Amino acid sequence: MTPLLEIEDLVCRYPGRRGGFFRHARPIHAINGVSLSVGEGEVVALVGESGCGKSTLARAMLGLLKPAAGAIRLDGTPLAAMTRRELARRILPVFQDPYSSLNPSKTVESIVGLPLRLNRVPAEERRRIVRAMLMRVGLSERHLARRPHQLSGGQRQRVAIARALIMEPKLVVCDEPTSSLDVSVQAQILNLLMQLRRELRLSYVLISHNLAVVERLADRVAIMYFGRIVEEGPAAAVFARPRHPYTQALRSAALSPDPDQPLPSAGLGGEVPDPAAPPSGCAFHPRCPHAMDRCRVETPDLREVNGIAVACHL
Amino acid sequence: MSLLDIGGLWVETAQLPLVRDVDLSLARGETLCLAGESGSGKSLTALALMDLLGPGLRRRATRARFDGIDLLDRGATQRLRGSRIAMIFQEPMTALNPVFTIGTQLEAVYRRHRGGGRAEARRRALHLLERVGIGAPERRLAQFPHELSGGLRQRAMIAMALMCQPDLLIADEPTTALDVTVQAEILRLLEDLQRELGLALILITHDLGVASRMADRCAVMYAGEIVENADRATVFRAPRHPYTQALLRCIPILGSAAPGTPLLDIPGVMPSGVEAGCAFRARCTSAAAECTTAPPLRPVERGSARCWFAS
């Protein structure tokens, strides 16, 4: 069976800073050979710190960025062969900050209904669909005439979700959907996402740095570091026993509210490498507590053992 | 005797109180976490202490003393600020001046408050950059803020705060803009420095995971008021106020529930204006007739809570 979304050996580059007047800019590899698939009804999470390429990957999936190499296929059709409009009907985003992704001068009704209008759905039917969708995401008739600034952060995120779902897409790309929300509201939105997934048989690509959120929502997780996937597998299994040293570090840096636990003792040290001067071999070796000579020379491949793939020489 | 003693602190605009009747006290070497969701008034409380409120905001208090000095005296507060009381913020890029080098900024703080020559200030800056874990400190002194990564900028900010050997450090969401692996290192640095220098620390955070690891005592704020103030073990293991209880239940914890299990949430949102009665009443599952009268912060076992039913 073909997966809903299939990413194969994807490479994305950004133009780098020019080295000098006569030197050409060296491109920066934001995504460096990523393969990933999302099945129907599946939730796949991308986890990693800033600069790991997870948002670039999301942009590529939404067709907002042209990959330098590799392919993304939706239901077997390459994204490159689809029109903007077709793509925008089938893969939709929910971004971190709904305040900057919602047009401040429009009402909720017109924001949520815009995709319908672009697809020439008649006004009367449009009104009916928008109303039904608002109910579904936990808003009501009262909110139809409001503008984004008249809504709370949680309500704005509900509007963003309603807009994403209005064309009945199969796949929603949620980029840090609750990072700008308070925990009490975060719980409301996460529950809504889980409920909608069940009711509408949606697939999500969930981008998050919060491991506990990922564990609750995702079936599978891909841990990214410096443009590559370093570990991938069922979310519960990956977090219960992380194999890659980077996943282990993320796991131990996650602070749950526990008054009996001290701060995690040994940190990674250092920071994500400069993309303009990538390290040799395994990109993680300068920060890895177990780095060996081989890691400095040879980039490890992603190898699968018992359903979990890890890119590490250990 | 406590180093900091604040009583009945209010911050208000012309129309609306934003922080109401806050009492805080802090001993030397102690860490107090001010925890709460956005809009709960935790940052305003800190800014009011430092007399750094923006235009249109007024502060008043029945008492505000720092080591015997009256903080309601603006001149006195100004002299303490940056020397004996230092502050670091969430985004160091906005707190550091982009057009001066790190060295210039560190030295300026020292020379302004301590006098002394450039050489002396520079020695201290080098020493502190090294202490906060910045490698090649000579090179860093000559760099501008934008040349440093987020983690290094926050370290430089901490070094700057320590230039005049403060007694109290106020850290407002110091790790919120950082990646998790960097966050743990900055928190550990703060903890080490505190022990080493006997610093009192007020840590403002929305992250209860951070508060639970760092606090000696934790004050939880809601809608401009402290709703619970107790030692760390009480707040995080046996919280007395229904808001603290509900907030802790909302947080997903790794390995604690099967995938797909719904999270407990707090329905509704924090009120933005002042309402009659308990501010949490509309969202509280145990609200009763008594709650239409606003409860005071009452003493409860091992702390205090603003709830008629807490014991």
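Below, read A as the first sequence line, B as the second, and so on, with proteins coming before strands; counting in each chain starts at 1. This structure is a prediction, so every number in the text was calculated from the model and none was measured.
Closest approach of R198(A) to G260(B), counting heavy atoms only: NH1-O, 4.5 Å. Contact record, R213(B) with Q261(A): CD-O, 3.1 Å, taken as the closest heavy-atom pair. Between A187(A) and D265(B), the closest heavy-atom pair is CB-CB, 3.6 Å.
Between the CE atom of M194(A) and the CG atom of L263(B) there is a distance of 5.0 Å, given to the nearest 0.5 Å. One distance of note links CD1 of I251(B) with OG of S184(A); it measures 10.0 Å at 0.5 Å rounding. Interatomic distance, L255(A) CG to S212(B) OG, rounded to the nearest 0.5 Å: 7.0 Å. The OG atom of S256(A) sits 11.0 Å away from atom CG of L248(B), with the distance rounded to the nearest 0.5 Å.
Within the 4.5 angstrom heavy-atom criterion, no atom of R249(B) approaches chain A. With a 4.5 angstrom heavy-atom cutoff, E37(B) touches chain A via backbone and side-chain atoms both. Neither the backbone nor the side chain of L178(B) comes within less than 4.5 Å of any heavy atom of chain A. At a 4.5 Å heavy-atom cutoff, the contact between A258(B) and chain A is made by backbone atoms alone.
Around the CG atom of D260(A), the shell of radius 6.0 Å holds more than 12 heavy atoms that belong to other residues, nucleotides or ligands.
R216(A) places no side-chain N or O within 3.5 Å of a backbone atom of P259(B) that could act as its donor or acceptor partner. A donor-acceptor distance shorter than 3.5 angstrom exists from the side chain of E215(A) to the backbone of G255(B), with no hydrogens or angles considered.
Applying a 4.5 Å heavy-atom cutoff, the residues of residues 151-158 of chain A that approach chain B are S152(A). Listed in order of number, the residues of residues 47-58 of chain A that approach chain B to under 4.5 Å between heavy atoms are E49(A), S50(A).
Side-chain contact between I253(B) and D258(A): absent, with no pair of heavy atoms (C-beta onward) separated by less than 4.5 Å. Within the 4.5 Å cutoff, the side chain of P262(A) has no heavy atoms near those of the E191(B) side chain. Side-chain contact between R251(A) and L254(B) is present, with heavy atoms from C-beta onward closer than 4.5 Å.
Heavy-atom pairs under 4.5 Å with chain A were tallied for T261(B), L247(B), D207(B); the largest tally goes to T261(B).
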* Determine, stepwise, if the pair L211(A) / V180(B) fulfils side-chain contact (heavy atoms from CB on, under 4.5 Å). => CA-CA 10 Å; L211(A) 303 190; V180(B) 281; over 6 Å; no
* To do: Please report the C-alpha distance between M214(B) and L263(A) in whole Å, then the side-chain angles of each, then the deciding distance to 0.1 Å, and finally whether the side-chain contact (heavy atoms from CB on, under 4.5 Å) criterion is met.
  => CA-CA 8 Å; M214(B) 296 288 288; L263(A) 287 169; 3.6 Å; yes
